[in-house]
Every structure is written in C-alpha cells, then in structure tokens.
Student: 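Structure in structure tokens, see below.
In what follows, chains are A, B, ... by sequence order, proteins preceding strands, each numbered from 1.
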Amino acid sequence: MEPPERRCLALVDVNNCYVSCERLMRPDLERTPMVILSNNDGVCVSRSAEVKALGSVPMGTPWHKMKNLARQHGILAMSSNYELYGDMSRRFHGLLATWVPPHCQEIYSIDESFLDFGGQRIDRTATGHAIKRQVQQWLGLPVCVGFGGSTKTLAKFANHVAKKRPEWQGVCDLTALSAEERLALLDQFEAKDVWGIGRRLSEQLKEHGIHTAGDLARCDPKRARERWGVVMERTINELNGVSCIAWEDEPPTKQQIISSRSFGGPVYTVDELADPVRMHVGRAAEKLRAQGSVAGRLGVFITTNAFRPQDPQYSPIRTIRLAVPTDDTATLTVWAVQILKSIFRPYRFVKAGVMLDDLRPKSVMQGSLFDALPSEQDMKREKLMGVMDKANGKWGRGSLGIGSAGVKGERDWSMQRGMLSPRYTTRWNELREIS
DNA sequence: TCTGGGGTCCTAGGACCC
DNA sequence: TCTGGGGTCCTAGGACCC
C-alpha cells in the first residue's frame, strides 16, 4: 500500500443559501430581512443576515410563532422552492469542480463542497478569494472558504471562522497558523461550534469543564472515548490534524430511503391515509431504482401531532421483510397499504411516511431457486417502471403513479406553500422577466 | 390554527446458535 | 445445585448533520 497523499482540504459553502438563491431572482430584496420556510411553511430553515442580527430567530423557529416579530421588523417569509435551490446547487458544485483534479471534490450537502488542494502548489488565501469572486460573478452567490489542512473537521472550523469573523473577509486559511496560534483561535469559539458537537454533547462537555473548541482539542482522545465513545475520539483527533473521517468523492449508495411529509391539514380515515402512503411508495421506489438497488424491508409510519399534548397520541411504525427484495412500485404499494391497514386506528393524523431498508444492489440480487429467471410479468413491470420514472422526470413528480398516488390537486394532505416563488430557472413559463 | 424532511453512525440489549 | 462465553443478527433509541 502506498502512503496516502498529503491532503489540503478546503470547505466552500454558500452563505444563507436559500435566501441567497431567492435574492438572485429578486435583487430588490438584497437588504430586506427575510426567511425561507420549510415544507408546509412550518419552520424557518434559512435566514438573511438582517434576521440573524436580530438574535431572536434561531434556525427552526416555527413560522406561526414569529409572525408578530415579522410584522414588527418587516421580515419577509417565503416558501421553500427546492427546484430553484437544486438547480443553483448543481451549478455551484459544477463550478467548484473546475478548481481541483478529478476525485478531489466531495459534495457534502446542497450548499457545501470539500475540495482537496493537496499536491497543488497554490497561494491558499489568494485561491480562496478567487473562488469566492468567481462564484459571486458567475452565479451571484456569496460563499465563504475555509482551508483546514489535513482534516475535514478543521476545514469545517476554518469555514466557520471565515463566516463569523469579518476580519477574515470570507476566507480563512488555518494552515498558515502555527499549532499554538491555531489553538488560540480555537479558544475563541465554543465547543459546540465544532462539527459533530451538538447541543447534548456540548452540555455534557461543559460539566467536565470543557467549554471552548480549544479545551476540546486539548482533551486526551483515549479518555474521551471511554466517556463519550468513538465519535468524540475522532473529533478530538481531527481537531489536532489527525484525519479520521474518510474522503468520499463518490456519493455512497444509500442504506435507507425515506419518503415522508406532514399533511396540509389533519387526516382521520384509512382511505385518506392510503393516498399519501401510495405517493410516498412511488417516490421512494423511484429513488431506489435511480441508485440501482432493491429493498429487502419496507416500513410504513403514521403520526399524530406530538405538539398537542391534549390530544391522544398514536404514532405506530411497522416494518416487514420482503420475501423477495424488489424495486417494483406496484408490489411495494400492495404491501404498504396492507401495513397501513394493520396499524391504523382512528386518530387525528398529521403525517405519514414510507421507509425502504436493507438495500442491496439489484445486479447481485439472489432470488429463490425457482424464480432465478425473471418471468414475463417481471419484464413487463420493469418496462413500466422505466416509463414511469421518465415521465415523472419530464413532467414533474406525481405525473404518473399507481392508483391515485400521483393525482395532483388539493387534498387535505397536500402541502401548503402559500408563499412560493416561481421556478425561475427550470420552467420556461416561469422565467424571470426583465422590464 | 399553525412546529420540515432526509439521512448517518453508534450503542445497548435480546434472541439464538454452537 | 451449579447456570459459560463468543459470535451474529436484529431492533430500538440516541446523537449528530444539513
């Protein structure tokens, strides 16, 4: 085995991604305090700098709880427009790909990529600014760049510094610092600012006198493992430049596929629940086929509203093992409806979902001895699935489905998106007009 | 009245087998 | 009366991330 090449990892991400995407199409909103809401206009998932500056609207704030504040400060709320964000995301990651050799980009999320500049002789700070400038000029999106050196956790931290400290002007190169300087910088941030340290862990760390990211970096990883487990050990090592989190330039095939969504309004009957369950089976199976897998297990869940403690609560989930793993929407739909009927009781439901588990590559699927060869019916279904996936890709999700799964139109369970912007970049008839 | 959706990894405990 | 121990598989739940 050859020793791994030395890495120099950077993390590039879009500032206030969804808000920035909306402003692209509405430059007049550049200084308007605004938030983007989740599905069903439920909670706040992206905030503009003006809203963050208020300090009273944390990520995930329910929209109905901030309406007064919004009126008071003139905060504009918009429904999320994932077609727009997905399209801008593709352009963003595509542009970043041109900065590094093949296999040196890892797309980490809709608005973040790790780039590996190891082996390239570059002026990092200058390169960071050049990337920032180019993404701004070509796509109109503001980004920050953090160079962390050998580990992803340090790249994440560098990016965090670039975002939070204006004096770095959006680009932070930790590799230019000595070990002491780096620790001093880590000491200026809380442990919970470190990637992988959430609310619970940071509380526990505080009880042990570990307050800053620097405190955490100075912990003994072995002892931390005894107390908190292997994840904490890795985080501490990564903060000290010891790489423990693998590089994954190819998206790994998913081990689980979930499709679920809250309803626009409450649903009471099994017939009403069957519609969204069929739709979720369709969506999940489509994702399954897209990655060339079959599922060995299928689960269905329905939930009542946990935010109404005065209501009787009932949120069952049932999973079954499929005798023959499959990617066939019709087969999965039949089973899913069976499961739904078996768990249904009369309650006030607000959400339903479907889960595909125990995924494996279709190519190596082992049928039972006697159906090793696909039957004529199997072949017909394959063809039908292909036609369905193409149609849904072309005309939009839900154009074609099983039973009434895909019927568009307003139902109690359909999503609320009262403040949706047009699909400027992916629909000709919704293009932005310039007058 | 109104509180997102989709993932990952790890751990603990029970069932079962030899 | 004594009542093993290792391995595997499965499930549930906790914690984190965007």
Side-chain angles (χ1 to χ4, degrees), chain A residues 11 13-14 16-18 35-46 57-68 70 77 79-80 82 85-86 89 107-114 152-153 156 159-160 191-205 225-235 244-246 248 251-266 276 280 283-284 287 291 296-297 299 301 303-311 315-321 348 350-359 412 415-419:
Chain A
L11 180 74
D13 84 338
V14 180
N16 315 331
C17 181
Y18 300 167
V35 296
I36 310 298
L37 304 177
S38 65
N39 286 325
N40 273 317
D41 297 336
V43 303
C44 165
V45 291
S46 180
V57 185
M59 198 72 157
T61 305
W63 168 234
H64 68 91
K65 279 193 179 172
M66 56 174 285
K67 276 187 179 166
N68 276 335
S79 306
S80 37
Y82 287 104
Y85 314 148
S89 173
I107 297 175
Y108 176 66
S109 77
I110 191 165
D111 69 339
E112 292 168 275
S113 260
F114 287 105
K152 287 183 178 175
T153 304
K156 272 282 211 180
N159 183 281
H160 185 75
K192 76 160 163 39
D193 294 329
V194 173
W195 190 37
I197 306 298
R199 195 172 51 85
R200 289 302 178 91
L201 284 176
S202 70
E203 281 167 14
Q204 293 174 26
L205 287 170
R225 179 180 184 147
E226 285 164 24
R227 174 69 183 75
W228 286 288
V230 64
V231 177
M232 184 69 83
E233 181 189 28
R234 280 180 205 151
T235 298
C244 300
I245 300 176
E248 291 169 4
T253 55
K254 296 195 192 322
Q255 305 184 21
Q256 180 181 58
I257 291 171
I258 299 172
S259 177
S260 76
R261 184 157 296 163
S262 312
F263 308 135
H280 288 307
R283 293 209 328 152
K287 291 185 201 170
Q291 72 164 27
R297 283 160 40 102
F301 59 91
T303 66
T304 49
N305 190 346
F307 292 99
R308 286 167 52 117
Q310 70 273 28
D311 279 9
S315 299
I317 173 168
R318 177 168 290 170
T319 309
I320 60 162
R321 175 157 293 287
R348 182 182 187 278
V350 296
K351 179 178 179 175
V354 160
M355 224 162 48
L356 299 176
D357 245 328
D358 191 19
L359 310 189
D412 282 343
M415 195 168 36
Q416 309 264 324
R417 291 206 288 182
M419 295 158 275

Student: Measure from the side-chain N and O atoms of A:Asp311 to the backbone N and O of A:Thr304, and report whether any donor-acceptor pair falls under 3.5 Å.
Tutor: no

Student: Counting only side-chain heavy atoms from C-beta out, which of B:dC9, C:dA15, B:dT11 sits nearest to A:Val230?
Tutor: B:dT11

Student: Just to confirm, is there a sub-4.0 Å distance from OP1 or OP2 of B:dC9 to any side-chain nitrogen or oxygen of A:Gln255?
Tutor: yes

Student: Using a 4.0 Å heavy-atom cut-off, does A:Leu37 contact any base of the nucleic acid, only the sugar-phosphate backbone, or nothing at all?
Tutor: nothing

Student: Is A:Lys351 close enough to B:dG5 that one of its side-chain N or O atoms is under 4.0 Å from OP1 or OP2 there?
Tutor: yes

Student: Once you apply a heavy-atom cut-off of 4.0 Å, does A:Arg318 come out as touching a base, just sugar-phosphate, or nothing?
Tutor: nothing

Student: Send over the distance from A:Phe114 CZ to C:dC17 C1', rounded to a whole Å.
Tutor: 11 Å

Student: What nucleic acid atoms does A:Ser259 come within less than 4.0 Å of, heavy atoms only: base, sugar-phosphate, or nothing?
Tutor: sugar-phosphate

Student: Is there side-chain contact between A:Val350 and A:Thr303, with heavy atoms separated by less than 4.5 Å?
Tutor: yes

Student: To the nearest Å, give me how far apart CG (A:Asn305) and P (B:dC2) are.
Tutor: 7 Å

Student: Applying a 3.5 angstrom cut-off to the pairing atoms, does DNA chain C sit in any stems of at least three consecutive Watson-Crick or G-U pairs? List them by first number.
Tutor: B:5-18 with C:5-18

Student: Where the side chain of A:Lys287 is defined as all heavy atoms beyond and including C-beta, which of B:dG6, B:dT1, C:dC16 is the nearest nucleotide?
Tutor: B:dG6

Student: Test your reading of the model: is there a side-chain donor-acceptor pair from A:Ser80 to the backbone of A:Leu37, 3.5 Å cut-off?
Tutor: yes

Student: So what does A:Ile110 hit on the nucleic acid, given a heavy-atom distance under 4.0 Å: a base, only sugar-phosphate, or nothing?
Tutor: nothing

Student: Mind checking if A:Trp63 touches a base, just sugar-phosphate, or nothing, with heavy atoms under 4.0 Å?
Tutor: nothing

Student: Using whole Å, report how far CG of A:Leu201 lies from P of C:dG14.
Tutor: 14 Å

Student: Side chain of A:Arg297, heavy atoms from C-beta onward: which of C:dC17, B:dC2, C:dT11 has the nearest atom to it?
Tutor: C:dT11

Student: Quick one: A:Lys192 NZ to C:dC17 P, roughly how many Å, whole number?
Tutor: 11 Å

Student: Classify the angle between the aromatic ring planes of A:Phe114 and A:Trp195 as parallel (below 30°), tilted (30 to 60°) or perpendicular (above 60°).
Tutor: tilted

Student: Please state how far atom CZ in A:Arg227 lies from atom C1' in C:dA15, giving the value in whole angstrom units.
Tutor: 13 Å

Student: Among the candidates C:dC17, C:dC16, B:dC10, find the nucleotide nearest to the side-chain atoms of A:Arg200.
Tutor: C:dC16

Student: Considering only C:dC18, B:dC2, B:dG5, which nucleotide approaches the side chain of A:Arg308 most closely?
Tutor: B:dC2

Student: Salt bridge or not between A:Asp357 and A:Arg297? Use side-chain N to carboxylate O under 4.0 Å.
Tutor: yes

Student: Using atom C1' of each nucleotide, how far apart are B:dG4 and C:dC17 to the nearest Å?
Tutor: 15 Å

Student: Separation of A:Ile258 atom CD1 from B:dC9 atom P, in whole Å?
Tutor: 13 Å

Student: Roughly, in whole Å, what's the span from CG in A:Asn40 to P in B:dC2?
Tutor: 11 Å

Student: What contact category does A:Asp111 fall into here, base, sugar-phosphate, or nothing, at under 4.0 angstrom with non-hydrogen atoms?
Tutor: sugar-phosphate

Student: Let me know, please, whether A:Gly229 or A:Ser262 comes out on the 5' side of the other along DNA chain B by nearest nucleotide.
Tutor: A:Ser262

Student: Grab the CG-P distance between A:Asp13 and C:dC18 for me, whole Å please.
Tutor: 9 Å

Student: Are there more than 12 heavy atoms of other residues, nucleotides or ligands under 6.0 Å from atom CZ of A:Arg200?
Tutor: no

Student: Looking at A:Glu112 and A:Lys156, does any basic side-chain N land under 4.0 Å from a carboxylate oxygen?
Tutor: yes

Student: Of the nucleotides B:dT3, B:dC9, C:dC10, which one has an atom closest to the side chain of A:Arg234?
Tutor: B:dC9

Student: Closer than 4.0 Å, any side-chain N/O of A:Ser260 to the OP1 or OP2 of B:dG6?
Tutor: yes

Student: Would you kindly compare A:Lys254 and A:Val43 by the position of their nearest DNA chain B nucleotide and give the one closer to the 5′ end?
Tutor: A:Val43

Student: Starting from the C-alpha separation in whole Å, work towards a yes-or-no answer on side chain to side chain contact (heavy atoms under 4.5 Å, CB included) for A:His160 and A:Asp193.
Tutor: CA-CA 8 Å; A:His160 185 75; A:Asp193 294 329; 3.5 Å; yes

Student: Applying side chain to side chain contact (heavy atoms under 4.5 Å, CB included) to A:Trp228 and A:Leu205, what does each step give before you reach the verdict?
Tutor: CA-CA 10 Å; A:Trp228 286 288; A:Leu205 287 170; 3.6 Å; yes

